[in-house]
Amino acid sequence: VGPIATDLVAALRPSLRRLTVSKGIDETVDLSAATHLRSLGPRCFSGCTNLLTVVLPMNGRSISIGPSAFCNCSGLRRIDLSTTAMKHAGALLSCCQRLESVVLPARVETMVASADDVRGGYHGALFDCPALIDVALPASLQILGPAVLRKTGMKVINLQPTSIRMIGHRFASAVSLPASLVSIGDDAFRGNPLLTRLDLSATRLVTVGYRFASGCTSLAEVLFPSTLQVMKAECLNDTAVSVIDLSRAALREVGTGFACASPELTHVVFPEALFTLGILGDGAFAECPRLVGKQQLWDRARRQVVRV
């Protein structure tokens, strides 16, 4: 499995005689007897490619886990972190290609990688875990950082039980979103060929980042909330959406190249009063051959908004 950090060994000394590390094909670190263990330091088991299973003490609600503690454990298959006190998951379990099962701490609030994590190639919690097909996210979760849960085996990510307020850059697929959501980062859902529908109508979404859902070639329907104000450049490019209904939105900005190269797009519905819309970007609706009334839409927009 590799050397265990000095501070970890010191913490384990009172229980070291009962600590078992089984070697061979099925390598396991069993810390269940380490009753004095209070923390696992940064990168504690990082790069332990033969590690298959980690067992933590069941009475360890005060255990804290440092950044990247289990990153690049390419053989790790399952881990239960429910007994830990972690609130900030960072790049936890990034690049664990065989990870099939993980139980997250009940009190996690953020999953945002640090600058050091990113420099080390660990872009977000549960990033690049292709064998992971399901994970229960805790109700306490509020912020998902860049690339969290990207490149997993999950077709649907259920955020409904969480308190999510912000989804970071390059987020993966999700169709069940909580009412608490107010912001979606750049490249969220981008290039997901499995995504067919996005219902944002029950959220409090205000801002959508660059290239939102761009290149989702199977995406046929998107429902927007009345709170939506800003859609950055190149959102909804190259999708299968036929109707974009923004009639309920309080739009202030629609970015450059919005919904361009969408061959199935036939109708775009803006609010009846466009006075709230201050910016409509160049190239919006370009290369949409089936769009009805495009010229009238532009003529109406030009009278009331500023093109950029």
Side-chain angles (χ1 to χ4, degrees), residues 146-147 150 166-175 177 181-201 203 205-308:
R150 187 169 174 84
M166 185 182 79
I167 293 175
H169 309 339
R170 302 185 299 280
F171 186 68
S173 62
V175 293
L177 298 165
L181 183 67
V182 297
S183 175
I184 294 179
D186 300 345
D187 296 303
F189 311 105
R190 183 183 179 187
N192 185 341
L194 302 176
L195 196 61
T196 58
R197 185 174 187 268
L198 269 173
D199 187 353
L200 306 170
S201 60
T203 72
L205 188 65
V206 174
T207 303
V208 173
Y210 293 92
R211 296 170 297 275
F212 164 73
S214 178
C216 295
T217 53
S218 299
L219 182 62
E221 184 179 25
V222 182
L223 303 179
F224 294 101
S226 59
T227 52
L228 183 64
Q229 296 183 25
V230 177
M231 299 190 73
K232 295 295 186 180
E234 300 179 27
C235 291
L236 294 173
N237 289 359
D238 191 19
T239 70
V241 171
S242 59
V243 177
I244 296 177
D245 187 354
L246 298 167
S247 60
R248 296 174 57 243
L251 283 174
R252 292 188 293 104
E253 177 183 341
V254 174
T256 302
F258 176 73
C260 73
S262 294
E264 302 300 320
L265 185 62
T266 59
H267 292 83
V268 177
V269 185
F270 276 119
E272 186 62 31
L274 272 175
F275 61 85
T276 60
L277 185 62
I279 297 174
L280 180 61
D282 279 351
F285 319 117
E287 300 179 47
C288 297
R290 300 183 62 189
L291 183 59
V292 175
K294 180 177 178 180
Q295 188 59 50
Q296 292 90 328
L297 179 67
W298 270 111
D299 289 344
R300 179 183 170 214
R302 283 192 187 102
R303 290 194 296 269
Q304 301 186 53
V305 302
V306 177
R307 289 179 59 197
V308 296

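FYI, the numbering just counts along the sequence from 1.
Distance check, rounded to the nearest 0.5 Å: CG of L223 to CG of L177 gives 11.0 Å. Separation of atoms CG (L200) and CG (L228) is listed at 8.5 Å; rounding is to 0.5 Å. For the atom pair OG (S242) and CG (L265), the distance works out to 7.5 Å, reported to the nearest 0.5 Å. Here OG of S214 is found 12.0 Å from CG of N192. Values are rounded to the nearest 0.5 Å. The structure places OG1 of T196 at 7.5 Å from CG of L219, a figure rounded to the nearest 0.5 Å.
Taking every heavy atom of both residues into account, P193 and S218 meet most closely at O-OG, 2.9 Å. Nearest approach of F224 to M231, heavy atoms of both residues: CE2-CE, 3.7 Å. Contact detail for P263 and P289: the closest heavy-atom pair is CA-CD, 4.3 Å. Scanning both residues, A259 and C288, for their nearest heavy atoms gives O-SG, 3.1 Å.
No side-chain donor-acceptor contact under 3.5 Å links R190 to the backbone of G215. Formation of a donor-acceptor pair under 3.5 Å by the N237 side chain with backbone atoms of C260 is found in this model.
Residues V222 and I244 are not in side-chain contact: their nearest non-hydrogen atoms beyond the backbone lie 4.5 Å or more apart. A 4.5 Å side-chain heavy-atom check between H267 and D245 finds every atom pair outside the cut-off. In this structure, F212 and L236 have side chains that are in contact, with non-hydrogen atoms separated by less than 4.5 Å. Between F270 and V254, the closest side-chain pair of non-hydrogen atoms falls below 4.5 Å. A 4.5 Å side-chain heavy-atom check between D238 and T217 finds at least one atom pair inside the cut-off. By the 4.5 Å heavy-atom criterion applied to side chains, R211 and K232 are not counted as neighbours.
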*Hey, mind stepping through F189 and I184 against side chain to side chain contact (heavy atoms under 4.5 Å, CB included) and telling me if it holds?*
CA-CA 10 Å; F189 311 105; I184 294 179; 4.2 Å; yes
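Partner of Q229 under the side-chain contact (heavy atoms from CB on, under 4.5 Å) criterion, out of L251, V208, T207, V206: V206 alone.
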